[in-house]
Undergrad: 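Have a look at this one before I ask anything.
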Amino acid sequence: MIDPFEVPDATFVVLTNEAAQHSLWPSALSPPPGWDRMYGPASKLRCQRYIDAYGRTKGPVVTAGLSANQEFLLGFDRGDTDGAFGERHTLAGAWWIRGEVDTVALRAALDAVVARHEILRTLLVADDGGHRQVIHPAQPVRLVLRDLSGIALADRPARAEQLLNEVDAEPFPVRELPHLRAVLGRFDPGEAVLVLATHHTATDAWSMEVLMRDVSAAYTAAEPLPPATQYREFAAWESTSEATSGNERARGYWRQALADATVTGLPTDRPLRPGHPDAYAVQRFVLDPELSSGVTAHARAMRSSPFMVLLAAYHTYLWQRLGRCDLVTPTFAAGRQNDRFGATVGPIFNMVPLRTDLNGCRTFNDVLRRTRRTCVEAYANELSFAEVAQLVPKITETFTDSTVAVAAFEVLQYPPTGRTVRLGAAVVTPLRDRRVSQDVSSAIPDGALWALDITPAGEIVGSLKYNRVTFDDDTIADIVAGFQAVLRAACAAPDAPLPPM
Amino acid sequence: MEPSSSIQERFAAVVRRFPDGPAITGGGTTLSYRELDVAAEQFAGRLRLLGVRSGDTVAVLTGRTADVAIVLLGVLRAGACYVPLHDGYPTERLGFIVEECRARVLVTDQATSRGKVLPSTEQVLVVDGASIASEAAPSRLASTVGPDETAYIMYTSGSTGRPKGVAVPHRAVVSLAEDSLWDSGRHDTILSVAPFGFGVAAYELWVPLLRGGHVVVAPTTTFDLPSLRLWIEQYSISALHVTAGLFRVLAHEDPTVLSTVREVLTGGDVISPAAVRAVLEANQGLVVRAMYGATETSSFVLSAAVTVPDEVGTPVPVGVPLRDVHAYLLDERLTPVPPGQEGELYLAGPRLAQGYIGRPDLTADRFVADPFGTGTQMYRTGDVMYRKPDGQYEFVFRIGEQIKIRGFRVEPREIEAALTRCVGVADAAVSARAGPAGEKRLVAYLVGPPDLDLNAVRVQVARSLPEYMIPTALVVLDALPLTKNGKLDRTALPEPEPSGPPYRAPRTDRQRILCELFAEVLEVDTVGIEHSFFDLNGQSLSAIKLVGRIRAALTVDVSVGDLFDAPTVAELDAVIDGLGTAEPEGSDNAISAIRGGAS
């Protein structure tokens, strides 16, 4: 006995009746009287997403075309569990709140932020004519209060980070609206930590800071906030002549820069297993104060950014580990060149493949100079990764190689810091010096991710997120240690000859 | 009364017919229909003053007193729907529920909310006994609620790791109450023992209240057999529903508890034919009725009555559809199967729920187009059955993995999701296994380091899962066994081994007897005085058995609560030492709540 609704790989249609109810229906069978087909045939997942997008509210919904980055994310769609639209592809951030918090006002502020940013209530759905963004009406945010009283002052930073890690590890299905949840952990009436969790297809690191500022503004302001520039406006802007004017030159650059290249993969301990869900974890590390300031000082001396120094060290490390000098590492750019979208919430981040050939480099500074040139040229010619991949499809071959994982490398970027962020009288500061590793963490759509953060105090904290299905913890620990050793040697003696490769 | 009415309209008609009849008893109070009517109207007035309007949702977390009827009817009269919460749920789950159903108000009482972190809603209304309806004048507003509006939302276990809210319309409840099954007169006085948050509560509360019957609310949903006997005798109970698990214990330990009852309903899991026979043999004239249903079909939809011990089927059949229930057995092409052939059960008719709130995708997957209607829906049960020559439906198996533990529906994936969130747990699989007493229990297989702190895992999952979903046994594995297709190989999961402290022999006669009784009930070879009831996979049902035997063997008044507080022989022995006098009969103190039974 097989249930016709549970047949693997079967196709379905979506039916609707006069009462605007929906029914999945095996596409091989004809619909009963009183029911009309409205979508399909398509996979069950596609049909359910369609119903989710159009079946929640009676009456018309606003729809819009996709951004290039949303198209890119769809390339990593592996269903509701894993991949870009998986329930663990989430992004969480935490902030210290020092001063009293009124939870009624906080709740209202969170709701106002969802009302303000459409992307927090947008679902992507495959329509008969292709994918669309479907924007839903505002819904209240789930704010969970956690009692953290009785924890000594000295233990609070670790407990706050633990709370952030717990929220980060929690599944957050992409079909749950709004794409924003909040947890407020209160140590005492004057100190709390606020964790905001989002689905990563609705935000990026930059957006998280925008969200917190908007929560602050809505909490503090008597008036409703002025309307924000919406993500769908960004998607529409991407194809305007203003946005694409330099693209012809950029296309020429990428064709040449990435000719015959593939993204560099890290060899894994074992291949992905079909049917076995991803199990992401994070190992964190903190550069000691001398090394942290060494990196920033050396960057300044070489007229580079700390990112360039860190990436140069990573490339030097990869050269030693893999024995290859032609390296392509993807990074994530903020994608916020146009100030108009500086306060827009949404996945504006863009993957940029950085190719550097280290052949002939004798010192770390040689590597750094080449890395610097790569970065400067790539920034000047930024194109959406979707378009780059179309120009030079070969570079994405690594993603389908079962023996390696693509490791992206980024330094987190935030909007410029200005005035102090407050909730009423309470002062809000981001919790960014994260140092507690996670056995279970949020996931990424594929591969591994280095994320480094230069905290406001100047300390550099880093993390490597990886899939435990493919990597042993020890392998990752070895890679993390190897990278730090190279970085330390590089900053100590940047002009010393590199060991022979 | 035409079937197209709301619960409150139907109730109003009952009030006119039986104004002075007893409607509900609980917490030491009995309300007549007239008194309940007036109080409910006043309470509706209070809710309106708080801003509750038509279409709103009100969460209800009250104790087991007569007030529950005032609150539920008051919510409905205010035009809102109620969401019954279970006080056994952890705060996190309660929080999720009130957020998801957007409850505007939470109604609770002092006794239930004391010492509990309440989920946050716009308003919390704490009611208690005397003051429940005293503050607002009644305002007779015409009811504008139609039969197709939501009466209540009940939460069940969901597969994606979060509970699902089933929205049940007035029409479904009224249809259930109007079923001719209750016309026998055997359901005049019903004992309510199920938590208000579970599907059976629709029968226990609304069948009597919408027919002029009398509902007696048991002070607790976890009890021992002497308490059950006491309530049945004290209130002349004519009918009640007990879970299949409790029914088995009752049949085994003391079937005469039901000697004055006229009809006993049971279901929610496999019903033991031997238990049915034992109960019938001990109680001449009693009707045992096997019930089949789901929250999605507003409780019972099929039933099988048995009155003669020799006619108990093996297995006990699912039975025949209730009135207005359309039951279809369909094949892969959704066409009816011939009699005797297996098909999946689909249900249609006025008893269907409206779907899962906020989950149109799940709703469209379970409430599908009815090929035998025009634009109507049918509910896909996932149960495969066949029809016997006498027309009775008989259960064969359940499609998929959903399991029932002690009558509660459980999605293993929800538990697995909670386990994998625990520190150190890389992967998890949950399976239902037969325990030492043949009873189904949950076993969790965890992938993690060999020194994984299992107690910490238990504490962490207890934060988000109700007690009955917490696995009884935890087993650490290097990796989960997989089939060739990379799917979890459930057949290769090992049986859990009982663990605990080393054996220490009893030192007194009483300890020796206790050790023997522990071993007998928990079906293990030997029990030392330091071995804990819980480490030996004890559960609430085995606790009832064990306490019954201890009382009989030692003539002492230990309670289930004593066993839970003092779960080793050594500890329980000390408790018995301290027992001076027998507990007062009939007081609530005599009924010990069973908490954390499976941990």
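Sequence lines set the chain letters: A, B, ... in the order given, protein chains first and strands last, and positions in each chain run from 1.
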Undergrad: Is the shortest heavy-atom distance from the side chain of Trp35(A) to the side chain of Gln377(B) under 4.5 Å?
TA: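 Yes, side chains in contact.
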Undergrad: Not counting sequence neighbours, which residues clear salt bridge (Lys or Arg N to Asp or Glu O under 4.0 Å) with Arg159(A)? List them please.
TA: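 With neighbours one apart ignored, the set is Glu166(A).
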Undergrad: Kindly compute the distance separating CD1 (Ile51(A)) from CZ (Arg359(B)), expressed to the nearest 0.5 Å.
TA: 11.5 Å
Undergrad: Side chain from CB out, backbone as N, CA, C, O: work out which of these in Arg146(A) comes under 4.5 Å of a heavy atom of chain B, or both, or neither.
TA: side chain
Undergrad: Go through the atoms of Phe372(B) and report whether side chain, backbone, both or neither lie under 4.5 Å from a heavy atom of chain A.
TA: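 It is neither, since no heavy atom gets under 4.5 Å.
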Undergrad: Do the side chains of Gln139(A) and Arg102(B) get nearer than 4.5 Å, heavy atoms only?
TA: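 A side-chain contact exists here, since the closest heavy-atom pair is under 4.5 Å.
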Undergrad: Compare every heavy atom of Pro371(B) with every heavy atom of Pro33(A), then report the nearest pair and how far apart it is.
TA: CD-O, 4.4 Å
Undergrad: Of all the heavy-atom pairs spanning Pro4(A) and Leu334(B), show the shortest one and how long it is.
TA: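 Pro4(A) and Leu334(B) have their closest heavy atoms at CG-CD2, 3.6 Å.
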Undergrad: Please flag which part of Val141(A) lies under 4.5 Å from any non-hydrogen atom of chain B: side chain, backbone, both or neither.
TA: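 For Val141(A), backbone heavy atoms alone lie under 4.5 Å from chain B.
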Undergrad: Between Arg175(A) and Asp361(B), is the closest basic N to carboxylate O distance under 4.0 Å?
TA: yes
Undergrad: Is chain A contacted by the side chain of Thr420(B), its backbone, both, or neither, given a heavy-atom distance below 4.5 Å?
TA: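 The answer is both parts of Thr420(B).
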Undergrad: Report which part of Arg181(A) has an atom under 4.5 Å of a heavy atom belonging to chain B: side chain, backbone, both, or neither.
TA: neither
Undergrad: Given heavy-atom pairs under 4.5 angstrom as the criterion, report whether the side chain, backbone, both or neither of Arg333(B) touches chain A.
TA: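 Its backbone and side chain both get close to chain A.
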Undergrad: Considering only NZ, NE, NH1 and NH2 on the basic side and carboxylate oxygens on the acidic side, decide whether Arg107(A) and Glu99(B) come within less than 4.0 Å.
TA: yes
Undergrad: Please classify the contact between Arg142(A) and chain B as side chain, backbone, both or neither, with a heavy-atom cut-off of under 4.5 Å.
TA: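 For Arg142(A), heavy atoms of backbone and side chain both lie under 4.5 Å from chain B.
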Undergrad: Leu24(A) vs Phe367(B), test: side-chain contact (heavy atoms from CB on, under 4.5 Å). Steps then yes/no.
TA: CA-CA 9 Å; Leu24(A) 278 173; Phe367(B) 295 83; over 6 Å; no
Undergrad: At a 4.5 Å cut-off on heavy atoms, which part of Gln21(A) comes close to chain B: side chain, backbone, both, or neither?
TA: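 Contact with chain B: side chain only.
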Undergrad: Go through the atoms of Val98(B) and report whether side chain, backbone, both or neither lie under 4.5 Å from a heavy atom of chain A.
TA: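 Contact with chain A: none, neither part.
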Undergrad: Can you name the nearest heavy-atom pair linking Pro32(A) to Ala369(B), along with the distance?
TA: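 Smallest interatomic distance, heavy atoms only, reads CG-CB, 3.6 Å.
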Undergrad: Which pairs with one or both residues in residues 374-385 of chain B pass salt bridge (Lys or Arg N to Asp or Glu O under 4.0 Å), sequence neighbours excluded?
TA: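 Listed by first then second residue: Asp3(A)-Arg380(B), Glu6(A)-Arg380(B), Asp365(B)-Arg380(B), Asp383(B)-Arg398(B).
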